[in-house]
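In what follows, a single structure is set out as structure tokens and then discussed.
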2 protein chains.
Amino acid sequence: MKKDINISEVAKKAGVSIATVSRVFNNSGPVKESTRKLIESIIEETGYLPNILARELAEKRTNLIGMIVHNLTGEGMARTIQGVSDILEEHAFNLLMTCSNGNFESEKKHFELLRLKRVDGILFATRNFTKEHKEIIDKLPIPVVVLLQDTEKEQIPCVTFANYSMAKEAAENLLKLGHRSFAYIGGPEHSANANERKAGVMDALKGADIDINSIPASTGNYHIESGYEGMEAIIKSGKKFSAVIAVNDGMAIGAMNCLMDHGFSIPEDVSVLGLDDTVLAKASRLKLSGVHYSYTKLGDEGAALLLKQIQSESSFFEKKVIPYKVNLRQSVRLMN
Amino acid sequence: MKKDINISEVAKKAGVSIATVSRVFNNSGPVKESTRKLIESIIEETGYLPNILARELAEKRTNLIGMIVHNLTGEGMARTIQGVSDILEEHAFNLLMTCSNGNFESEKKHFELLRLKRVDGILFATRNFTKEHKEIIDKLPIPVVVLLQDTEKEQIPCVTFANYSMAKEAAENLLKLGHRSFAYIGGPEHSANANERKAGVMDALKGADIDINSIPASTGNYHIESGYEGMEAIIKSGKKFSAVIAVNDGMAIGAMNCLMDHGFSIPEDVSVLGLDDTVLAKASRLKLSGVHYSYTKLGDEGAALLLKQIQSESSFFEKKVIPYKVNLRQSVRLMN
DNA sequence: TTGTATGCGTTATCAG
DNA sequence: CTGATAACGCATACAA
């Protein structure tokens, strides 16, 4: 537990001024080779470390970025943070993490907190982007990049998944396999992402002249159990379908289990596809089909965009969409 | 994008000194009611926020804690961070997150970085705790709490799961159900946690006079595929078993799938149990049995212990073990 | 090539 | 009750 030493003590030991020590440490100016050597050896032996707080105060920047997430319970957000943290590290930035638990008041508080902490920029992942959010962000003197929500309308920089297109393309895959009757298990009503996915699916079906009003549908909360229940309700409704699409893979897994429990064979009787592809998709014996996209990449791109905004010293609109890939596995089949 | 205002501008507007403003803002001294009102109104209208950097510099503490994790790819670490972040927030501390990707050099670098950032304490989650880690920590002038590793031997504060006991108890559950022949799918050879679990299982079996040398075993990397392969190797070895225990639920899921693919019925022919219980356990139609423990709690306890160390201003040894619960579900059955 | 002096925005001490 | 003023530790413009 040795005591911290500061720049003036180093200077004293070396018989020079603090300015010279600073120049040596930061390589920020000409220093005679011999005095440089001397100072370096003293830095070495004393284990001198500059006080970053003082430096940041003088330089008026923290090299800190703040991140507010709504949810920290699943693999997706973990990977996102991983991506963010890797990119920030490359650029010698640090990450201040906070979790809002999806609560607006808490989000608001965290924005203030991060502002107080003088972060240079903020990454914001929320379940639902509102006018109130926009107002907060517009007042901020630092750039904000939104993750997981499309804020093009609000002209706030963002990185999102291609909810609409991936859902449309996934549905089109099933159409190509000859399916004509569908069931849909969606997400919460108020979720922009869930609604975009549903729109993608429905537009694909409309494009194939399918009456979307006759499609049995249910909504859920993304969890396995919820998918099971949603599927059960659809089965009980008595409507026919040869393919089920679920808004994420957890609910698709629940749906598969429910179908099997009700005597359906997959994929012989019903094909199942989730608009997501996490570790769950490979958990069951019968591999689930899904749409894969990388959360790590989401974090990477978000961090990169934020750093760009910080370096440009002015916030500008830019939207980045993460690529995806439809993976058809055992859970779907060609209609005869 | 309004410019930041500082304490002296507030003081000027109010016609008082900065000392008085500081007293009002921090409620740290007597101020006449009328001037207090005046200053408060000016603070309100200017939106004045103190510069935390300057404050921290003056106070010599950051209210920041650093966290180094080896891995950010799964639900477990996400929940851990959630727990940490909740507790820190209650105490007005902030979280500086870094990810080492399990690399020692990187871990070392992050310790230095966090030290540089003047964090008040560090939470450290690593795959494997070594002498080198202890040396680094002993030199640090701030407290460190280790997560997920038992560092009692090194007398470093830690929060861990009860690897040995949970494994022993889980195995004893199977013994009570009448099982006498086992197979074991373990983790990486060098993992302390995996070894503790294996020891727990083996000690339970020894206690029931089972020859543990005859138990077919394999090792893997915790992933589903790895459990599948491990199970396949054991099946091919031709040895008999009525119960399989896997070091985590991912590998147990892989093992279940493999068994079914080889014509075994679960639980009629083989019972399967994982020493873990995440979302995966509920993913398959036939619910996996496992041992449940809360990562959120791990984070909670870790953060709480670290804060205790920080407040006591001296590091002391304390070890906290997270409780667990064995959940027997459809994947195990009573032997006839 | 080096040193001096000032600013960064607070908190805290000590007079008044 | 209030105001000067000295830390806090560093960067940097300007002088020498």
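Just so it is clear: chains get the letters A, B, ... in the order the sequence lines come, proteins before strands, and each one is counted from 1.
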**Heavy-atom protein contacts under 4.0 Å, nucleotides 3-16 of chain C, coded B base, S sugar-phosphate only, - none** = BB--BBBBBB----
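With hydrogens and angles ignored, the 3.5 Å screen pairs no side-chain donor or acceptor of B/Asn193 with any backbone N or O of B/Asn163. Between the A/Thr80 side chain and the A/Leu298 main chain, no donor and acceptor come within less than 3.5 Å of each other.
Remark: C1' of D/dC10 and CD1 of A/Ile43 are 13 Å apart, rounded to the nearest angstrom. B/Glu33 has its CD atom 10 Å from the P atom of D/dT2, to the nearest Å. Straight-line distance from the NZ atom of A/Lys32 to the P atom of D/dA16: 21 Å, rounded to whole Å. We find that CG of A/Asn27 is positioned 17 Å from P of D/dC10, with the value rounded to whole Å. The CD1 atom of A/Ile39 sits 13 Å away from the P atom of C/dT1 (whole-angstrom rounding).
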**Message:** Run the side-chain contact (heavy atoms from CB on, under 4.5 Å) test on B/Glu90 and B/Leu307 for me, step by step, so that the C-alpha distance in whole Å, both residues' side-chain angles and the decisive distance to 0.1 Å come before the verdict.
**Reply:** CA-CA 11 Å; B/Glu90 282 173 23; B/Leu307 289 176; over 6 Å; no
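At most 12 heavy atoms of other shown residues, nucleotides or ligands fall within 6.0 angstrom of atom NZ in B/Lys13.
A/Gln309 and A/Ser315 are linked by a side-chain donor-acceptor pair at a separation below 3.5 angstrom, with hydrogens and angles left out of the test. For the residue pair A/Asn6 and A/Ser8, a side-chain donor N or O sits within less than 3.5 Å of a side-chain acceptor on the partner.
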